[in-house]
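Counting convention: from 1, in listed order, for ligands and their atoms alike. Just so you know, these numbers use all the heavy atoms, side chains as well, and skip hydrogens, waters and symmetry mates.
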Amino acid sequence: MRLLLACVCLLLGGQALADGLEAGKSIYEQTCIACHGPDGKGAIPGIEQLTEKGALAKSDETLFASIKDGSHSSGAAISMPAKGGNPSLTDGDIEAVLAFIRQRFGSQ
Ligand code: HEC
């Protein structure tokens, strides 16, 4: 019985993670892709790359804050607007899109 419960929990947990990544993907495609491009390497000259050696080397806390509040530190001609310019994004949405970015672009 315990084993069965553990299996069910694992399954549900895996599903929740998959749902989060799916949500993060759709947020990325709606709100972020115009500036960051389909591969995270940027659609704007000088923009910080969302790669392991680029911005993703920073901690989740730092990146969460940058997405939530916006940022301007690199040589990019424009700044990152708070929440990518979409004020309706919740903290959960930001976590979901960050998880998606790490999963999708983290190995490049
Ligand atoms: C209008 C263009 C634009 C949009 C839309 C945009 N970004 Fe950015 N983003 C930038 C620029 C420019 C930078 C580099 C900012 C800097 O120099 O610090 C950046 C930087 C970042 C960074 C690195 C932050 C750091 O601390 O190094 C992350 C992560 C990021 N963006 C994620 C996102 C996500 C997620 C979205 C969608 C919710 C998004 N961006 C939407 C322009 C944009």
A.B. asks: So which atom in Ala43 and which in Ala34 form the shortest heavy-atom distance, rounded to 0.1 Å?
C.D. replies: CB-O, 3.3 Å

A.B. asks: Which of the N/O/S atoms in His36 sits closest to atom 8 (Fe) of ligand 1?
C.D. replies: NE2

A.B. asks: Please work out whether any backbone atom (N, CA, C, O) or any side-chain heavy atom from C-beta onward of Asn86 is under 4.0 Å from ligand 1, and answer side chain, backbone, both or neither.
C.D. replies: neither

A.B. asks: Could you tell me whether the side chain of Ile78 reaches within less than 4.5 Å of the side chain of Ile44, counting heavy atoms only?
C.D. replies: yes

A.B. asks: Select the closest option to atom 11 (C) of ligand 1 among Lys68, Met80, Glu29, Lys58, judged by heavy-atom distance.
C.D. replies: Met80

A.B. asks: What is the minimum heavy-atom distance between Asp60 and Arg102, and which atoms define it?
C.D. replies: OD1-NE, 2.7 Å

A.B. asks: Which atoms of ligand 1 sit under 4.0 Å from any heavy atom of Ile101?
C.D. replies: 35 (C)

A.B. asks: Could you tell me which atoms of ligand 1, counted from 1 in the order shown, lie closer than 4.0 angstrom to a heavy atom of Ala55?
C.D. replies: 23 (C), 27 (O)

A.B. asks: Does the N or O separation between Glu48 and ligand 1 drop below 3.5 Å for any pair?
C.D. replies: yes

A.B. asks: Mind checking whether Leu98 contacts ligand 1 via backbone (N, CA, C, O), side chain (CB onward), both or neither, at a 4.0 Å heavy-atom cut-off?
C.D. replies: neither

A.B. asks: Starting from the C-alpha separation in whole Å, work towards a yes-or-no answer on side-chain contact (heavy atoms from CB on, under 4.5 Å) for Thr51 and Phe105.
C.D. replies: CA-CA 6 Å; Thr51 59; Phe105 308 135; 5.6 Å; no

A.B. asks: Using a 4.0 Å heavy-atom cut-off, say whether Thr31 meets ligand 1 through its side chain, its backbone, both or neither.
C.D. replies: both

A.B. asks: State, to 0.1 Å, how close Phe64 and Leu98 come at their nearest heavy-atom pair, and which atoms those are.
C.D. replies: N-CD2, 4.0 Å

A.B. asks: Tell me, do Ile47 and His36 make a side-chain contact under 4.5 Å, heavy atoms counted?
C.D. replies: yes

A.B. asks: Please confirm whether Gly85 comes under 4.0 Å of ligand 1, counting heavy atoms of the residue only.
C.D. replies: no

A.B. asks: Show which atoms of ligand 1 fall inside a sub-4.0 Å distance from at least one heavy-atom site of Ser79.
C.D. replies: 12 (C)

A.B. asks: Show which atoms of ligand 1 fall inside a sub-4.0 Å distance from at least one heavy-atom site of Pro81.
C.D. replies: 1 (C), 3 (C), 43 (C)

A.B. asks: With respect to Glu48, which candidate in Lys58, Lys41, Lys53 satisfies the salt bridge (charged side-chain N to carboxylate O under 4.0 Å, His left out) definition?
C.D. replies: Lys58

A.B. asks: Against heavy atoms of Gly84, which atoms of ligand 1 measure under 4.0 Å?
C.D. replies: 5 (C), 41 (C)

A.B. asks: Nearest 0.5 Å please: distance from the NZ atom of Lys68 over to the CG atom of Asp93.
C.D. replies: 11.0 Å

A.B. asks: Any idea which of Cys35, Gly54, Ala34 brings a heavy atom closest to atom 2 (C) of ligand 1?
C.D. replies: Cys35

A.B. asks: So, for Ile27 and Leu89, which heavy atoms are closest and what is the spacing to 0.1 Å?
C.D. replies: CG2-CD2, 3.9 Å

A.B. asks: Does any N/O atom on Ser66 come nearer than 3.5 Å to any N/O atom on ligand 1?
C.D. replies: yes

A.B. asks: Which option out of Leu89, Leu56, Leu50 puts a heavy atom nearest to atom 28 (C) of ligand 1?
C.D. replies: Leu50

A.B. asks: Which pair of non-hydrogen atoms, one from Ala55 and one from Leu63, has the smallest distance, and what is that distance?
C.D. replies: O-CD2, 3.5 Å

